[in-house]
Amino acid sequence: MEQRGATQPVWQTLPDLSVQKPDHEVSVASQRRCQGARRRVWHAVLSVAKGHDGEWFGGSQLVMVVAYWPWRAEGSKLATVSFQSGGFMRRALITGITGQDGAYLAELLLSEGYEVFGLLRRSASAEVMGERLRWLGIESEVRMIDGDLMDLSSIARALQLVKPSEVYNLAAQSFVRTSWDQPLLTGQVTGMGAHNVIEAVRLVAPEARFYQASSSEMFGKIHQEKQGEKTPFYPRSPYAVAKLYAHWITVNYRESFGMHASSGILFNHESPLRGIEFVTRKVTDGVARIKLGLAHDLPMGNLDATRDWGHAKDYVRAMWLMLQQPEADDYVVATGRTVSVREMCRIAFACAGLDYRDHVRVDDRFLRPAEVDVLLGDPGKAKDKLGWEPRITLEEMIAEMVEADLVRHRSRMR
Ligand code: NDP
Ligand code: GDP
């Protein structure tokens, strides 16, 4: 035992700590009050500590256990415990970590105490690769491993190196419009690439939990007014067809091999980190440029399409919750509200004190060969089973995006 002075915690050795749940709940077999400690702090040697999958907590480890909990009787459970030294941290591998969702998911997992690894495809422009991670201030906290979804061996190698307990497949050619110009590439990356990832997980890390980023675009020409997990699919673009393949291969691997593989059918979600080619970000960027006198017009496509838009920060929480469930499953993640592109334009321009009718004009170049007219999700299952609900409204999100784009353009003008 090491005495650290009157106002410092006393370090004690606990003879027996057993980790009972993956959420770090431990029971304390023997303890003594820490003198002067505002939090309960122990230094403990865990001889046997096994997580639910036998991976995370295995082995003998020297750890510091910090419990933010009032003094409890012997044998009682400590609900909020974090392991401060290495060895017990959960490991996640994210493909698509440089994208919008990858960045927010990495931020969430880091805050949950994970070691986060990302699969990074080579680019000649190294400085733009970590742009979103830099924006969130976490680029030095994630570890990158070279790899590409088209190259199964690179994914297998990454899995061997990382030994993750959770794998999130977010990588894709994700822009619907581009999928008509590069249909085969979209099929290979968005469809077969997902198959490569889940096959590599099956071969190299079969105990790892797997998340597939499926899309509301799979509903396409909708069969039900509100789309839920049981709504039939009718894809309307090469992107949506590729996503459907990836979705069903995820379901198939779960059913064939008993893998913990979940598919999140996510409706459109946006943020200041959304790619500039997507409609919300195109509009908020346009609003900022028009407000600052850098442009006057904003050429747009179909203003009558409606989407169920949420915030990416809310949606990555749903991804993570899916992998914390005892059983893998498929979930629709949506807000349950649909808004037209026209109304979204009105909201965005109003954020800067502008009237969209003075600036938005329809340009045929932005119309699509086949359109998805309406999307409206039913997030009932995610609410019931995951306890998930969106926290950020469309109006709040658009205001945040307009503000971020104003900041970006002002800093470029200096
Ligand atoms: P982004 O387009 O922002 O990110 C896509 C990511 O995939 C990038 O990191 C990109 O890397 C990576 N990538 C592309 N091709 C490859 C490849 N061959 N090998 C390895 N990595 C590759 O997408 P989002 O973050 O918005 O979306 C995440 C996932 O969720 C995607 O699969 C998307 O289709 C899906 N989805 C998104 C929705 C949304 O509204 N955002 C809705 C429903 C589903 P690089 O930076 O090098 O280009
Ligand atoms: P998607 O739902 O994945 O295709 O996401 P997008 O943000 O690319 O498009 C959402 C909707 O906005 C679609 O119905 C588009 O046709 C419509 N839209 C209208 N004008 C534009 C535009 O200028 N750019 C984009 N990307 N979409 C537009």
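For the single chain, residues carry numbers from 1 onward in sequence order. When a ligand or atom number is given, it counts from 1 through the structure's own listing order. Note that this is a predicted model, so its numbers are computed, not measured.
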*asked:* Please determine whether any non-hydrogen atom of Thr95 lies less than 4.0 Å from an atom of ligand 1.
replied: no
*Answer with yes or no whether Glu217 contacts ligand 1, where contact means a heavy atom under 4.0 Å from a ligand atom.*
no
*Taking heavy atoms and a distance under 4.0 Å, where does Gln100 meet ligand 1: side chain, backbone, both or neither?*
both
*Could you establish whether Leu170 and ligand 1 come within less than 4.0 Å of each other, counting only heavy atoms on the residue side?*
yes
_Return the closest protein heavy atom for atom 20 (C) of ligand 1 as residue, atom name and distance._
Leu149 N, 3.7 Å
*Option nearest atom 8 (C) of ligand 1 (shortest heavy-atom distance, choices Asp148, Thr98, Ile94)*: Thr98
*In terms of residue, atom name and distance, what is the protein heavy atom nearest to atom 4 (O) of ligand 1?*
Gly99 CA, 3.4 Å
*Closest protein heavy atom to atom 26 (O) of ligand 1, given as residue, atom name and distance to 0.1 Å*: Arg274 NH1, 3.4 Å
_So, using salt bridge (Lys or Arg N to Asp or Glu O under 4.0 Å) as the criterion, who are the partners of Arg236 when residues are at least two apart?_
none
*What residue and heavy atom of the protein are closest to atom 37 (C) of ligand 1, and at what distance?*
His269 CE1, 3.8 Å
*Residue Lys243 vicinity, atoms of ligand 1 by number, heavy atom under 4.0 Å*: 31 (C), 32 (O), 33 (C), 34 (O), 35 (C)
*asked:* If we ignore hydrogens and angles and just use 3.5 Å, is the side chain of Asp308 paired with the main-chain N or O of Gly377 as donor and acceptor?
replied: yes
*Does the N or O separation between Leu119 and ligand 1 drop below 3.5 Å for any pair?*
no
*asked:* Do Lys381 and Tyr331 form a cation-pi contact, if we require the NZ or CZ to be under 6.0 Å from the six-membered ring centre and within 45 degrees of the ring's axis?
replied: yes
*Classify the angle between the aromatic ring planes of Tyr356 and Phe349 as parallel (below 30°), tilted (30 to 60°) or perpendicular (above 60°).*
tilted
*Measure the distance from atom 6 (C) of ligand 1 to every protein heavy atom, then report the residue, atom name and distance (to 0.1 Å) of the closest one.*
Gly96 CA, 3.6 Å
*Short N/O distance, under 3.5 Å, between Gln173 and ligand 1?*
no
*Under a heavy-atom criterion of less than 4.0 Å, does Ser216 contact ligand 1?*
no
*asked:* Geometry only, no angles: is Arg121 polar-contacting ligand 1 at N/O separations under 3.5 Å?
replied: yes
*Keeping the roles fixed (side chain from Lys385, backbone from Met322), state whether a donor-acceptor pair exists under 3.5 Å.*
no
_Nearest neighbour of atom 7 (O) of ligand 1 from the list Gly118, Gly102, Ala242, Ala171, on a heavy-atom basis_ = Ala171
*What protein heavy atom is closest to atom 43 (C) of ligand 1, reported as residue, atom name and distance in Å?*
Leu266 O, 3.2 Å
*Atom indices of ligand 1, in the order listed, that fall short of 4.0 Å to a heavy atom of Asn268*: 40 (O)
_Donor-acceptor contact present, side-chain Thr338 to main-chain Arg307, <3.5 Å_ = yes
_Backbone N/O of Arg274 and side chain of Arg281: donor-acceptor pair under 3.5 Å_ = yes
*asked:* Please work out, at 4.0 Å between heavy atoms, whether the side chain, the backbone, both, or neither of Asp101 comes within that distance of ligand 1.
replied: both
*For residues Tyr315 and Trp309, establish whether the separation of their ring centroids is below 6.0 Å.*
no
*May I ask you to check whether His359 and His296 place their ring centers less than 6.0 Å from one another?*
yes
*Picking from Arg90, Lys163, Arg91, what satisfies salt bridge (Lys or Arg N to Asp or Glu O under 4.0 Å) with Glu115?*
Arg91
So what's ligand 2 close to, N/O to N/O, under 3.5 Å?
from: ligand 2; atom 1: 2 (O); to: Glu217; atom 2: OE2; distance (Å): 2.8
from: ligand 2; atom 1: 2 (O); to: Asn268; atom 2: ND2; distance (Å): 2.9
from: ligand 2; atom 1: 2 (O); to: Arg307; atom 2: NE; distance (Å): 2.8
from: ligand 2; atom 1: 2 (O); to: Arg307; atom 2: NH2; distance (Å): 3.4
from: ligand 2; atom 1: 4 (O); to: Arg368; atom 2: NH1; distance (Å): 2.6
from: ligand 2; atom 1: 5 (O); to: Asn268; atom 2: ND2; distance (Å): 3.4
from: ligand 2; atom 1: 7 (O); to: Val279; atom 2: N; distance (Å): 2.8
from: ligand 2; atom 1: 8 (O); to: Arg368; atom 2: NH2; distance (Å): 2.9
from: ligand 2; atom 1: 14 (O); to: Arg307; atom 2: NH2; distance (Å): 3.0
from: ligand 2; atom 1: 14 (O); to: Glu371; atom 2: OE1; distance (Å): 3.0
from: ligand 2; atom 1: 14 (O); to: Glu371; atom 2: OE2; distance (Å): 3.1
from: ligand 2; atom 1: 16 (O); to: Glu371; atom 2: OE2; distance (Å): 2.6
from: ligand 2; atom 1: 20 (N); to: Gly301; atom 2: N; distance (Å): 2.8
from: ligand 2; atom 1: 23 (O); to: Lys282; atom 2: NZ; distance (Å): 2.7
from: ligand 2; atom 1: 26 (N); to: Glu277; atom 2: O; distance (Å): 2.9
from: ligand 2; atom 1: 26 (N); to: Arg368; atom 2: NH2; distance (Å): 3.4

*asked:* Tell me the contacting part of Ser214 for ligand 1: side chain, backbone, both, or neither, using a 4.0 Å heavy-atom threshold, strictly below.
replied: backbone
*Looking only at non-hydrogen atoms, which of Tyr315, Tyr239, Phe267 approaches atom 36 (N) of ligand 1 most closely?*
Tyr239
*Report yes or no: does Asp314 contribute a side-chain atom to a donor-acceptor pair with the main-chain N or O of Ile392 at less than 3.5 Å?*
yes
_Keeping Glu270 on the side-chain end and His311 on the backbone end, is there a donor-acceptor pair under 3.5 Å?_
no
*What do you reckon, are the aromatic ring centroids of Phe219 and Phe233 less than 6.0 Å apart?*
yes
*On the 0 to 90° scale, with breaks at 30° and 60°, tag the Tyr245-His195 ring pair as parallel, tilted or perpendicular.*
tilted
_How far is atom 23 (O) of ligand 1 from the closest protein heavy atom, and which atom is that?_
Ser174 OG, 3.6 Å
*Could you tell me whether a side-chain N or O of His223 sits under 3.5 Å from a main-chain N or O of Lys221, the two making a donor and an acceptor?*
yes
*Measure from the side-chain N and O atoms of Lys282 to the backbone N and O of Pro299, and report whether any donor-acceptor pair falls under 3.5 Å.*
yes
*Hey, is the main chain of Glu225 close enough, under 3.5 Å, to the side chain of Gln227 for a donor-acceptor pair?*
yes
*Give the residue, atom name and distance (to 0.1 Å) of the protein heavy atom nearest atom 14 (C) of ligand 1.*
Ala172 O, 3.3 Å
